[in-house]
Amino acid sequence: MDENEYDFRRVEAKWAPVWESERPFDVPDGDDPRPHKYILDMFPYPSGDLHMGHAEVYALGDVLARYWRLRGYQVLHPIGWDSFGLPAENAAIKRGVNPRDWTYENIAQQRASMKRYAASFDWSRVLHTSDPEYYKWNQWLFLELYKKGLAYRKDSWVNWDPVDQTVLANEQVLPDGTSERSGATVVKKKLTQWYFRITDYADRLLADLDRLEGAWPAKVLTMQRNWIGRSRGAEVVFAVDGSDRTVPVFTTRPDTLYGATFMVVAPDSDLASELVAEADPAVRMAFVAYLEEVQKKTEIERQDATREKTGVFLGCFAINPVNGERVPIWSADYVLADYGSGAIMAVPAHDQRDLDFALKYDLPVRVVVDVPSDEPNDPAVTLVATTGDGPHINSGPLDGLRKADAIAAMVEVLEKDGTGKGATTYRLRDWLISRQRFWGTPIPIIHGADGEEIPVPADQLPVLLPPTEGLDLRPKGSSPLGAADDWVNVPDPRDGSPAKRDADTMDTFVDSSWYFLRFLSPRDDTRAFDVEAVKKWAPVDQYVGGVEHAILHLLYARFITKVLFDLGYLDFDEPFTALLNQGMVILDGAKMSKSKGNIVFFGEELDNFGVDAVRVTMAFAGPPEDDIDWAEVSVTGSHKFIARAWRMAQDVTSDVGADASTGAAGLRRFTHKFLADVGGLVESYKFNVVIARLMDLVNHVRKEIDSGVGPADPAVREAAEVVSMGLSMFAPHAAEDMWSLLGHEPFVGLQEFPVADARLLVEDTIVAVVQINGKVKERLDVSPDISEAELSERALAAVSGALQGKTIRTTIVRPPKLVNIVVAD
RNA sequence: GCGGGUGUGGUGAAAUUGGUAGACACGCAGGAUUUAGGAUCCUGUGCUUCGGCGUGUGGGUUCGAGUCCCUCCACCCGCACCA
């Protein structure tokens, strides 16, 4: 192709090797006088090659990184791979390859694609979480939590994925009860597992979301608040009649305690089986049958709120602490074992679920809040529980009080009597981090013959994964590591007696919960992260990634950050100051998927249109948080724009350093208006508008070159240089080539935007509109400093015809832009 | 049901504090150049019965509303037997 034609292949081939050898975006350690920004894109999982979703996130993250450089900041923009995890292992099983080989081959492929995509990463800081140099510090982190009592083992009902044969954290189970990884229906299993005590941080994780308001998407904040699910209320202790046992229940409505007519215990709770053990055989048999029935149900069935309620009487009674009333204890699966205490006081008059149950099993309904209503509203008749406010009745000392006062009064009574207290409960559960799989970080604990847990001494870290040779990786419900005899059997660090390593590996979300700290000193083999580097760079100024991590990764990273803060390693306790969630790339209105066969391939798009055109398309398609339908955007259009900008640079004939102040003022104004606006636009993520403004600028320059001041005017050069800089955020190859065509040395990405000249931002004339009754009738060219009187006068003159026979009521004058004449007939 | 969000041309979308709705593109139409063009350049393009009408619906505040307030509708997302 002709050298005077824009050829993206030639331009890519020209600059990629230069960036590769010169590494303009690497950030050396040590001081730098410039202010700094830490821009981070969520690192990828290396399954296959990059896809269009990656193309979007890394295009948008790079706009922000490159923008801050152009603003004179030192920018850290690292990349790595989240490279532990199940797909490697599943591929290994399916194809008989080594999970390590599979992983690192995929990383090599993705890395090549990423380099081709020309995001301005600091390639000197690459990390892979599956490298021993990384996961050593994962183990260190685990032991830090363990020392603080924040990592512990317990026997509990857990989510079990029957396909991947491993446990899952609550966060990894989708709302329909299936695994987010394998799609299998998750079942409950009772197992001893490692947990991180994230519930200790529930309050702070919730409260600190307020500080992220405006800087994180509202949606993510809401999702996290929902997930943590704090509810305030009271704990009320009921005694079991004829026994020493007491049962605490959590309620948000302690004010309705006088209306409690029965108690319900979760069938799968220890409490239920303990209570029923004391009952007579018929009751016990009924319970056992019921429990069996309940456990057969899938999570989806169980969560169906419209399902008819079922339950069995447990043959025992509880004593209501405020009135001494004896109420029957039932077991029903609408009460969850793992929320609150697994038992509730049932107030059928004021809780729909309790009412449904009471009506079915003919239990009494007692109204204790007189909710005013025009219609009859006795729950026993209308079958609708009343939840509104009103004076309390049948409630002893609470009679006459309204809800808020009654709640406070009841809490006071309970606390005085020692039968309860104000309490807060969370939906959030502790984070289950054990996984019965191979390709993860080994948990650095040794189990002594006496059952003691012994942390692996720091000088013995990392606990390396054993070789896969001879190891059966197929899922079988226990970790494959347990079968690696040489690995699992170790001397007890205390006395050398036989002991065994913990054979489970960690949830890979542990790996990603702190990786942003490791990027600051990725080669430091003496500590997880360099505290000084952390002080300089962290927290992350701008995080970019998909909304699919709204809860999982982001909640865990916030938690670990707070733990490290408490341990004194960090001086901040929120990891990501600002968050941008990009939308998805879809096709014809549907999510791309292999099964539907509607995939746009990353590599093919780059082959056909070039890296720059794909990146520009990603940014120009619309607001970044919206989905991009690849069928509705024009990559060709992006390519045409890039080529047009490139030709513009090629046409410039003035010399480098030409004095712009002698150039055409009109064009200069346009250029400087762009410079004045670009910051606000990028910082509010309006990348599409920035590109529109660049297009506008290029169109103006084109006109000036062809039929205006001509290619030699210094203002043309100035505009072309600004376009080259601005375009470098989106189309780095074309921009670098333009910079070079304009006679400069590399690299355009290391330039600084000129400061907009305030004198050029003032227009000589402004178009003022003249409205009659709010409708635009005329437009006038006026001076920007026109007086109110003069503008008014000119406006009236301009529309005098239309004012014939009308009475002017009032005239609103807003110089220099608008006059509104209010008239009547 | 609860919470969050979004409704603007044929399409993707713009629109500081209420002040010219539809920037910039895609698409389409026409023209120039050309052997040809899916290249390049130029022009036009919300609807219209040419009076006007137009930002999901209906109301309100205001000299003036895409923007603020209320009502309703539609769609998307999250949560949901959480006591």
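What you see below is based on every heavy atom in this structure, not just the backbone, and it leaves out hydrogens, waters and symmetry mates. Here is the naming used below: chain letters follow the sequence lines, and residue numbers restart at 1 for every chain.
- The only option from A:Val701, A:Asp706, A:Ile705 that meets the side-chain contact (heavy atoms from CB on, under 4.5 Å) definition with A:Pro711 turns out to be A:Ile705.
- At a threshold of 4.5 Å between non-hydrogen side-chain atoms, the residues A:Val335 and A:Val265 do not count as touching.
- Checking B:U20 for Watson-Crick or G-U wobble geometry (two distances, each under 3.5 Å) identifies no partner in any strand.
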Kindly indicate, with the supporting measurements, whether the criterion ring pair (Phe, Tyr, Trp, His ring centres under 6.0 Å) is fulfilled by A:Phe357 and A:Tyr334. CA-CA 9 Å; A:Phe357 193 80; A:Tyr334 79 90; 5.5 Å; yes
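- Rounded to whole Å, the distance from NZ on A:Lys640 to P on B:C42 is 12 Å.
- Between atom CD of residue A:Glu605 and atom CE of residue A:Met618 there is a gap of 8.0 Å, rounded to the nearest 0.5 Å.
- Base pairing analysis places B:A14 opposite nothing; no Watson-Crick or G-U wobble pair with both distances below 3.5 Å involves it.
- A 6.0 Å sphere centred on NZ of A:Lys703 holds no more than 12 heavy atoms belonging to other residues, nucleotides or ligands.
- One can find a donor-acceptor pair under 3.5 Å joining the base of B:C63 and the side-chain atoms of A:Asn820.
- Across the interface with RNA chain B, nearest-nucleotide mapping of A:Ala621 and A:Val769 shows A:Ala621 to be the residue nearer the 5′ end.
- A 3.5 Å limit on both hydrogen-bonding distances identifies B:C73 as the Watson-Crick or G-U partner of B:G7.
- Here B:A65 sits opposite no nucleotide as a Watson-Crick or G-U wobble pair (both hydrogen-bonding atom distances under 3.5 Å).
- Computed from coordinates, the A:Met695 CE to B:C24 C1' distance equals 7 Å when rounded to whole Å.
- The distance from atom CG of A:Leu587 to atom CE of A:Met592, rounded to the nearest 0.5 Å, is 5.0 Å.
- The C1' atoms of B:G51 and B:U8 are separated by 25 Å, rounded to the nearest whole Å.
- For B:C77, the OP1/OP2 oxygens have no side-chain nitrogen or oxygen of A:Asn581 closer than 4.0 Å.
- Here, B:C68 and B:U62 have their C1' atoms 10 Å apart, quoted to the whole Å.
- When heavy atoms are screened at a 4.0 angstrom cut-off, A:Gln352 is found touching no nucleic acid atom at all.
- The side chain of A:Pro623 approaches B:A13 more closely than any other nucleotide in the set B:A83, B:C24, B:A13.
- Proximity of A:Lys686 to the phosphate of B:A15: a side-chain N or O atom is located under 4.0 Å from OP1 or OP2.
- B:C70 and B:U61 are spaced 15 Å apart, taking the P atom of each and rounding to whole Å.
- In this structure, A:Leu727 CG and A:Asp612 CG are separated by 7.0 Å, a value rounded to the nearest 0.5 Å.
- Using a 4.0 Å heavy-atom cutoff across all strands shown, A:Lys309 reaches at least one base atom of the nucleic acid.
- Here A:Arg702 does not reach the OP1 or OP2 of B:U40: none of its side-chain N or O atoms lies under 4.0 Å away.
- Checking the phosphate oxygens (OP1, OP2) of B:A14, a side-chain nitrogen or oxygen of A:Asn688 falls inside 4.0 Å.
- When distances run from any side-chain atom of A:Arg814 to the nucleotides B:C63, B:U43, B:U20, the shortest one goes to B:C63.
- When the P atom of B:C41 is taken as reference, atom NZ of A:Lys703 falls 12 Å away, rounded to whole Å.
- Rounded to whole Å, the P atom of B:A23 lies 23 Å from the corresponding atom of B:A39.
- If you check every strand for non-hydrogen atoms under 4.0 Å, A:Arg647 touches sugar and phosphate atoms only.
- Taking CD1 of A:Ile586 as the start and CD1 of A:Ile628 as the end, the distance is 9.5 Å to the nearest 0.5 Å.
- For B:G51, the glycosidic angle deviates from 0 by 90° or less, giving a syn base.
- Out of B:G19, B:A13, B:C24, the shortest distance to the side chain of A:Ala692 is found at B:C24.
- Here B:C26 is the nucleotide among B:C26, B:A15, B:G78 with the atom lying nearest to any side-chain atom of A:Ser634.
- Spacing of C1' atoms, B:C41 relative to B:U33, comes out at 8 Å, to the nearest Å.
- Going from atom CG of A:Asp351 over to atom C1' of B:G1 covers 13 Å, rounded to whole Å.
- Between A:Met729 and A:Val678, some side-chain heavy-atom pair lies under the 4.5 Å cut-off.
- OP1 or OP2 of B:C77 has not a single side-chain nitrogen or oxygen of A:Thr222 nearer than 4.0 Å.
- Pairing of B:C28, defined by two Watson-Crick or G-U wobble distances under 3.5 Å, is identified with B:G44.
- Listed nucleotides: B:A15, B:G12, B:U20. Nearest to the side chain of A:Glu632: B:G12.
- With a 4.5 Å cut-off on side-chain heavy atoms, A:Val220 and A:Val547 count as touching.
- When rounded to the nearest whole Å, the span between CD1 of A:Ile812 and P of B:U20 equals 15 Å.
- As judged by a 4.0 angstrom heavy-atom cut-off over every strand, A:Val347 is placed among residues making no nucleic acid contact.
- With its glycosidic angle within 90° of 0, B:G9 adopts the syn conformation.
- Taking only side-chain atoms of A:Asp626, from C-beta outward, the nucleotide of B:A39, B:A13, B:A15 with the closest atom is B:A13.
- Look at the C1' atom in both B:U20 and B:A14: the space between them is 14 Å, to the nearest Å.
- Using a 4.0 Å heavy-atom distance criterion, A:Phe620 is classed as a base contact.
- Positionally, the nearest nucleotide of RNA chain B for A:Asp677 lies more toward the 5' end than for the other of A:Asp677 and A:Gly774.
- Nucleotide B:A39 holds its P atom 16 Å from the CD1 atom of A:Ile642, rounded to whole Å.
- One atom, CD1 of A:Ile628, and another, P of B:G12, lie 13 Å apart when rounded to the nearest Å.
- Contact annotation: A:Arg644 side-chain N/O to B:C41 OP1/OP2 distance is under 4.0 Å.
- With B:G19, B:C79, B:C81 as the choices, the nucleotide that has an atom nearest any side-chain atom of A:Asn226 turns out to be B:C79.
- Taking atom C1' in both B:A13 and B:A21, one finds a spacing of 13 Å when rounded to whole Å.
- B:G51 is unpaired under the Watson-Crick or G-U wobble criterion, no partner having all donor-acceptor distances under 3.5 Å.
- B:A15 and B:G59 have their C1' atoms separated by 25 Å, with the value rounded to a whole Å.
- Atom pair A:Tyr6:OH and B:A39:C1' shows a separation of 15 Å (rounding to whole Å applied).
- Checked against B:C24, B:C63, B:A83, the side chain of A:Asn699 finds its nearest nucleotide in B:C24.
- Listed nucleotides B:C63, B:A83, B:A80 differ in distance to A:Arg427; the shortest reach to its side chain belongs to B:A80.
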